[in-house]
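Report on one structure; see the data block that follows.
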Amino acid sequence: MIARTRFAPSPTGALHCGVVRTALFAWLMAKQSGGQFLLRIEDTDQKREVEGGTENIKEALRWIGLQWDEGPDVGGPYGPYIQSERLEIYKKYAEGLIAKGLAYADPYSKEELQVMRQKAQAEKRPFLYRDHRPTNPPKWDGTQALRIKLEPKVWSWDDAVMGTVTMGPEMIDDYIIIKADGFPTYNFCHIIDDHLMKITHITRSQEFISSVPKFLATHEVLGWESPINCTMPQVMDETGKRKLSKRYGAKPILDYRDTGFLPEALVNFMATIGWNDGTEQEIYTVPELIEKFSLGRVQKSGGIFDEKRLLWLNGAHIRRLSLDELYPKVEDFWPSSAAKASVDYKKNVLRLVHERLKFFSELPGLTSFFFEEPMLSDTIFSENKQLKKLNADERKAMLTKVAAALERSDFSEADLEARMRPLIDELQTKPGILFGLIRVTVTGSNIAPGLFETLHVLGREKTLTRIKKML
RNA sequence: GGCCCCAUCGUCUAGCGGUUAGGACACCAGGUUCUCAUCCUGGCAACCCGGGUUCGAUUCCCGGUGGGGUCACCA
């Protein structure tokens with residue numbers, strides 16, 4: 001079945017992985033079936049709208065690779081795709097309902113409703129507006145809220161993920177379709193839009209599942225068939241105690257870009273929270289996900305966002321790339337001291353750290369000594385288990401020999417090794433001590449790529465300058 | 001509180017009546033090695049509880065318990 005799916009966020013802040021995971025599944029369904037993925041901006045709450053919200057959504061989706069087939073910027077046959085530009089449409093349907101006696105003006109103030117709600121709560125029973133439904137409502141003049149009239153009944157439906165779900169009549173109530181400020185509510189307009197835009201599968205996060213009877217009843221009142229409801233399990237934060245949400249500091253998705261994550265790694269990670277293909281495969285490319293994704297294998301229970309796993313996955317995806325594929329992706333992450341370095345030199349450096357890179361913003365810490373003289377801390381020798389056994393004179397004696405041997409080297413990796421190895425016996429020391437001493441002297445760090453590769457890339461001049469300076 | 005959903009290692013999960021309950025992340029140990037990383041080997045670690053059904057339940061049913069979600073003129 002060809003799926004037309006949509007992602008319909010409201011521009012109220014930065015997009016985080018919880019909502020993008022739902023968008024990803026919708027996108028995968030569309031791509032897999034040869035259908036379309038739509039982006040629709042749900043900006044009917046002016047109070048919560050955030051400056052730049054829509055731009056952030058588009059930027060985040062583009063970075064992660066969820067390009068929409070219809071929506072803002074790209075257009076499409078059922079536009080506009082921004083709800084604030086569709087107000088006349090919603091109004092038309094609202095008026096249609098009024099004419100049929102299926103919608104009516106709400107005569108109560110917010111305060112009056114609040115009192116009724118509290119009373120019901122105090123009596124430990126659900127508050128139902130329809131118990132207070134006015135018998136003779138005022139004519140709707142656009143300054144009151146407009147409510148839809150829904151008949152209570154038991155609703156049962158097939159959810160593509162959750163299976164058959166049944167909810168009682170208390171889940172149905174007369175809800176507001178147009179607010180007193182003239183804007184329609186999400187509950188009302190997303191149904192109209194999904195219908196008009198010919199959406200076949202509605203993906204929603206689990207928090208909406210108890211609203212589905214309302215949506216189903218609204219379809220019925222409008223005389224439409226409901227698309228297939230696909231309720232996605234929640235993504236929980238690292239505590240596992242609550243869903244990922246802006247309110248509790250869920251990381252904006254673009255932060256992962258800025259930290260140097262690969263979008264395909266993040267996609268791989270998000271897809272496998274709540275979905276697996278039943279095999280033991282862990283690492284998926286995007287085309288593989290498109291091929292293998294299936295709604296039937298989406299988990300019903302929520303999953304925790306485990307950043308350690310993301311880190312591992314990102315490293316694994318980085319290691320899959322060739323040097324030439326990786327190089328352009330790390331362009332913005334080099335230390336500032338690398339600004340004047342040549343492409344060839346930077347590629348050689350990148351090759352040496354390729355396998356240990358977990359995310360790109362580690363790059364300066366891993367490579368800065370290739371571009372500038374390292375700062376040697378006073379404790380650098382005492383911190384090293386092997387080197388702390390040497391006193392300053394012994395270090396000096398060793399480095400003097402090293403310098404002399406290096407003077408004669410052509411600085412190829414093989415020649416460097418051929419000249420350094422014999423010094424171990426000559427100086428009656430161990431590889432760990434001799435090589436460690438050179439490493440610390442030249443890189444300023446106890447952690448670096450292989451010594452001969454490092455010296456080779458660094459070159460004769462930088463290497464000898466640093467050793468002589470130490471002497 | 002009402003309603004809904006859920007329940008396998010710490011985490012992501014496989015399992016769909018009979019398995020030594022499998023894999024991955026994380027963690028620990030060892031190997032390779034000049035450090036780190038990669039890689040390899042090994043280890044630790046789970047079926048929430050109680051009733052049924054059945055020759056036999058992690059698996060099916062019921063009830064608890066626990067967790068999450070939701071009850072707005074927000075989406």
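Quantities reported herein were computed from a predicted structural model and do not represent experimental measurements.
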| query | When we call it a touch if two heavy atoms are under 4.0 Å apart, what does A:Q299 touch: a base, just sugar-phosphate, or nothing? | reply | sugar-phosphate

| query | Which nucleotide, in any strand shown, forms a Watson-Crick or G-U wobble pair with B:U58, with both distances under 3.5 Å? | reply | none

| request: Please measure how far the C1' atom in B:A7 lies from the corresponding atom in B:G15, and state the result in whole Å. | output: 15 Å

| field | Sugar-phosphate only, base, or nothing, as touched by A:F208 at under 4.0 Å among non-hydrogen atoms | value | base

| At under 4.0 Å between heavy atoms, what does A:K110 touch on the DNA or RNA strands: base, sugar-phosphate, or nothing? | base

| Atom-to-atom span, CZ of A:R130 to P of B:C71 - whole angstrom | 16 Å

| said: Under 3.5 Å for both donor-acceptor distances, Watson-Crick or wobble: does B:C27 have a partner, and if so which one? | reply: B:G43

| task | For A:T166, report the nucleic acid contact type (base, sugar-phosphate, nothing); a contact means any heavy atom under 4.0 Å. | result | sugar-phosphate

| field | A:K292 side chain to A:Q281 side chain, donor-acceptor N/O pair below 3.5 angstrom | value | yes

| How long is the line joining CD of A:E282 and C1' of B:U11, in whole Å? | 12 Å

| Straight-line distance of A:T185 OG1 to A:I178 CD1, nearest 0.5 Å | 7.5 Å

| message | Which is more 5' along RNA chain B, the nucleotide nearest A:G240 or the one nearest A:T164? Just name the residue. | response | A:T164

| said: With a 4.0 Å cut-off on N to O distance, would you call A:R309 and A:E282 a salt bridge? | reply: yes

| request: Please give the nucleotide sitting opposite B:U65 as a Watson-Crick or G-U wobble pair, both distances under 3.5 Å, or none. | output: B:A7

| Does a donor on one side chain and an acceptor on the other come within less than 3.5 Å for A:D324 and A:S322? | no

| query | Using a cut-off of 4.0 Å on non-hydrogen atoms, how would the nucleic acid contact of A:N446 be classed: base, sugar-phosphate, or nothing? | reply | base

| If the C1' atom of B:C47 is compared with that of B:U58, how far apart are they to the nearest Å? | 4 Å

| query | What does A:I176 touch in the nucleic acid at a heavy-atom separation under 4.0 angstrom: a base, only the sugar-phosphate, or nothing? | reply | base

| B:U32 - base-pair partner by Watson-Crick or wobble geometry, distances under 3.5 Å | none

| query | Mind checking the C1' distance from B:C9 to B:G22? Whole angstroms is fine. | reply | 12 Å

| Any side-chain heavy-atom pair of A:H16 and A:F305 under 4.5 Å | no

| query | Counting any heavy atom closer than 4.0 Å, what does A:Y108 reach on the DNA or RNA strands: base, sugar-phosphate only, or nothing? | reply | base

| task | Using a heavy-atom cut-off of under 4.0 Å over every strand shown, decide if A:I304 touches base, sugar-phosphate, or nothing. | result | sugar-phosphate

| said: What contact category does A:M167 fall into here, base, sugar-phosphate, or nothing, at under 4.0 angstrom with non-hydrogen atoms? | reply: sugar-phosphate

| Polar side-chain contact A:R439-B:C34 base: donor and acceptor under 3.5 Å | yes

| said: Using a heavy-atom cut-off of 4.0 Å across all strands, would you classify A:M420 as base, sugar-phosphate, or nothing? | reply: nothing

| query | Hey, does A:K243 reach any base, or is it just sugar-phosphate, or nothing, if we go heavy atoms under 4.0 Å? | reply | sugar-phosphate

| said: What contact category does A:G450 fall into here, base, sugar-phosphate, or nothing, at under 4.0 angstrom with non-hydrogen atoms? | reply: base

| request: Give the nucleotide from the list B:C25, B:A75, B:C34 with an atom nearest to the side chain of A:E42. | output: B:A75

